[in-house]
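First listed ligand is number 1; within each ligand, the first listed atom is number 1.
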Amino acid sequence: MLVRLLYASRAVDPNPAVIEEILAQSRQFNPTSGITGILCYGGGIFLQALEGGRTAVNELYGHILRDPRHKDVVLLHYEEITERRFGGWTMGQVNVSRVNTSLLLKYAERAELDPYAVSGRVSLALLEELMATASIVGRV
Ligand code: FAD
């Protein structure tokens with residue numbers, strides 16, 4: 001049973017070293033639990049999609065909720081799926097500051113990552129477009 005979970009949060013410390021540490025941790029542990037996904041970061045905000053077995057995703061989300069490196073964690077979308085969309089990444093990365101402004105404006109009032117201001121469906125559409133435009137790095 002596969003599920004996809006999407007959430008947003010605000011970084012406590014926007015230091016790039018912290019983001020790198022989170023990505024390294026994700027890429028180390030996700031393969032053993034069969035989790036794949038995308039982590040978007042920009043303007044102090046995280047947008048992360050997690051895919052995998054229901055138990056594995058739910059357990060990881062429980063850890064993520066308690067992680068002191070971020071706050072204001074909000075669940076945007078959760079669904080049972082028959083296939084993965086982000087299966088090529090143990091944890092793909094998108095640096096929003098490098099994303100084409102028009103792509104961000106397509107889905108939001110301003111050219112910035114603000115999943116708090118849009119629906120979960122819109123944030124998911126943005127992630128899919130980022131994938132289609134090869135904005136995601138870290139394929140393994
Ligand atoms: P800790 O108390 O930090 O670690 C206990 C022990 O478990 C340590 O020895 C450590 O090396 C080991 N350990 C660390 N992580 C894991 C793990 N996932 N599974 C098994 N053992 C572990 N973590 C991910 O694994 N995948 C992600 O995709 C992911 N995305 C994140 C996104 C954001 C925005 C943030 C802030 C954090 C993310 N994390 C992710 C980290 C996650 O929040 C936890 O730090 C991690 O799951 C470890 O849990 P813990 O803090 O309870 O364990």
Side-chain angles (χ1 to χ4, degrees):
M1 160 64 69
L2 288 171
V3 299
R4 179 179 304 116
L5 184 156
L6 185 69
Y7 75 87
S9 63
R10 296 185 206 278
V12 167
D13 178 0
N15 186 334
V18 176
I19 319 300
E20 285 306 318
E21 182 187 80
I22 291 169
L23 279 164
Q25 191 180 8
S26 306
R27 288 171 181 156
Q28 182 181 356
F29 290 105
N30 290 354
T32 48
S33 48
I35 288 183
T36 56
I38 303 294
L39 181 67
C40 250
Y41 180 75
I45 291 181
F46 290 112
L47 172 66
Q48 188 176 33
L50 297 170
E51 293 177 337
R54 182 166 58 194
T55 305
V57 169
N58 291 0
E59 273 180 14
L60 175 59
Y61 187 60
H63 286 279
I64 287 174
L65 280 174
R66 292 191 294 274
D67 198 311
R69 292 172 289 189
H70 63 170
K71 60 182 182 177
D72 302 340
V73 182
V74 59
L75 182 65
L76 300 173
H77 185 82
Y78 184 95
E79 66 176 329
E80 293 176 352
I81 54 174
T82 51
E83 58 186 57
R84 299 178 193 235
R85 286 183 195 163
F86 309 113
W89 293 273
T90 55
M91 193 43 63
Q93 178 188 7
V94 180
N95 184 338
V96 174
S97 64
R98 299 202 190 119
V99 171
N100 195 312
T101 305
S102 61
L103 197 156
L104 294 168
L105 280 174
K106 179 173 177 183
Y107 294 102
E109 292 178 23
R110 282 173 298 193
E112 58 192 37
L113 180 68
D114 190 2
Y116 292 93
V118 299
S119 71
R121 194 172 294 277
V122 163
S123 290
L124 203 53
L126 172 65
L127 286 183
E128 283 182 353
E129 185 123 359
L130 289 168
M131 185 167 66
T133 54
S135 306
I136 300 170
V137 298
R139 185 177 278 273
V140 274

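- Counting only heavy atoms of the protein, atom 52 (O) of ligand 1 lies nearest to H63 ND1, 2.7 Å.
- The protein non-hydrogen atom at the shortest distance from atom 40 (C) of ligand 1 is S26 OG, 3.7 Å.
- Put simply, no part of Y61 is less than 4.0 Å from ligand 1, judged by heavy atoms.
- Closest to atom 42 (C) of ligand 1, if we only count protein heavy atoms, is D67 OD2, 3.4 Å.
- In this structure, the protein non-hydrogen atom closest to atom 10 (C) of ligand 1 is F29 CZ, 4.1 Å.
- An N or O contact shorter than 3.5 Å is missing between H70 and ligand 1 by distance.
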Kindly list each side-chain donor-acceptor pair under 3.5 angstrom involving residues 14-24, sequence neighbours excluded, with atom names and distances?
from	atom 1	to	atom 2	distance (Å)
N15	OD1	A17	N	2.9
E21	OE1	R69	NH1	2.9

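- Evaluated by nearest non-hydrogen atom to atom 24 (C) of ligand 1, the leading choice among T32, L60, L65, V73 is L60.
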- request: With side chain to side chain contact (heavy atoms under 4.5 Å, CB included) as the test, would you mind laying out the steps for S123 and L76 before giving the verdict?
  value: CA-CA 8 Å; S123 290; L76 300 173; 4.2 Å; yes
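- Scanning the protein heavy atoms around atom 33 (C) of ligand 1, the nearest turns out to be Y7 OH, 3.4 Å.
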field: Trace of the side chain to side chain contact (heavy atoms under 4.5 Å, CB included) decision for L39 with L47
entry: CA-CA 6 Å; L39 181 67; L47 172 66; over 6 Å; no
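- When V18, L23, N30 are ranked by how near their heavy atoms come to atom 28 (O) of ligand 1, first place goes to N30.
- For ligand 1 and I22, the ligand atoms under 4.0 Å from any heavy atom of the residue are 31 (C), 32 (C), 33 (C), 35 (C), 36 (C), 37 (C), 38 (C).
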query: For Y78 and L6, what are the C-alpha separation, side-chain angles and deciding distance, and is it a side chain to side chain contact (heavy atoms under 4.5 Å, CB included)?
result: CA-CA 6 Å; Y78 184 95; L6 185 69; over 6 Å; no
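- From R98, atom CZ reaches atom CG of N100 across 14.5 Å, with rounding to the nearest 0.5 Å.
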